[in-house]
Amino acid sequence: MDRLHLVWLKGHTGIVDNEKVDVLAKRAILLGEHTPVLNSANFEGALRKRCYDAWQKLYDLEKENKGKYYADFSA
């Protein structure tokens with residue numbers, strides 16, 4: 001089971017992207033919107049998966065079309 005850790009911070013000074021997080025948090029509270037946010041560790045994995053999926057789609061398309069554009073010139 002996942003654990004939740006709450007940490008009290010004295011202030012927001014020096015925290016990267018704090019304003020962006022504040023906007024997303026307010027939007028979630030007021031509008032009920034959930035905005036997924038990726039940290040750098042998750043971003044690399046998500047990017048790698050997206051690149052692989054794009055490659056796989058092109059590969060599968062090539063398999064389906066293999067041989068369709070070739071002609072027999074031996075005759």
Side-chain angles (χ1 to χ4, degrees):
M1 178 180 253
D2 292 330
R3 293 180 181 219
L4 174 65
H5 296 275
L6 299 176
V7 179
W8 177 78
L9 298 174
K10 187 174 183 178
H12 293 251
T13 306
I15 297 176
V16 179
D17 292 332
N18 182 59
E19 295 301 319
K20 184 176 180 179
V21 172
D22 283 346
V23 169
L24 294 174
K26 288 174 186 171
R27 186 183 305 168
I29 291 168
L30 296 173
L31 304 175
E33 290 184 16
H34 172 71
T35 306
V37 178
L38 295 175
N39 62 27
S40 60
N42 292 339
F43 178 76
E44 182 180 349
L47 180 60
R48 185 180 306 271
K49 181 178 179 348
R50 200 158 181 194
C51 289
Y52 175 79
D53 290 346
W55 173 84
Q56 187 67 56
K57 187 175 181 178
L58 290 172
Y59 179 80
D60 291 343
L61 183 62
E62 288 299 318
K63 275 191 347 188
E64 291 172 13
N65 293 324
K66 187 174 183 179
K68 289 184 180 180
Y69 304 106
Y70 296 98
D72 184 7
F73 294 105
S74 62

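Residue numbers run from 1 in the order of the sequence given. Every heavy atom of this structure was used, including side-chain atoms; hydrogens, water molecules and symmetry mates were not.
The side-chain contact (heavy atoms from CB on, under 4.5 Å) test applied to Leu30 returns no partner, not counting sequence neighbours.
Between Asp53 and Lys57 there is no salt bridge, since no side-chain nitrogen of the basic residue lies less than 4.0 Å from a carboxylate oxygen of the acidic one.
Counting Ile, Leu, Val, Met, Phe, Trp and Tyr side chains that sit under 4.5 Å apart, directly or through other members, Trp55 shares a hydrophobic cluster with Tyr52, Tyr59.
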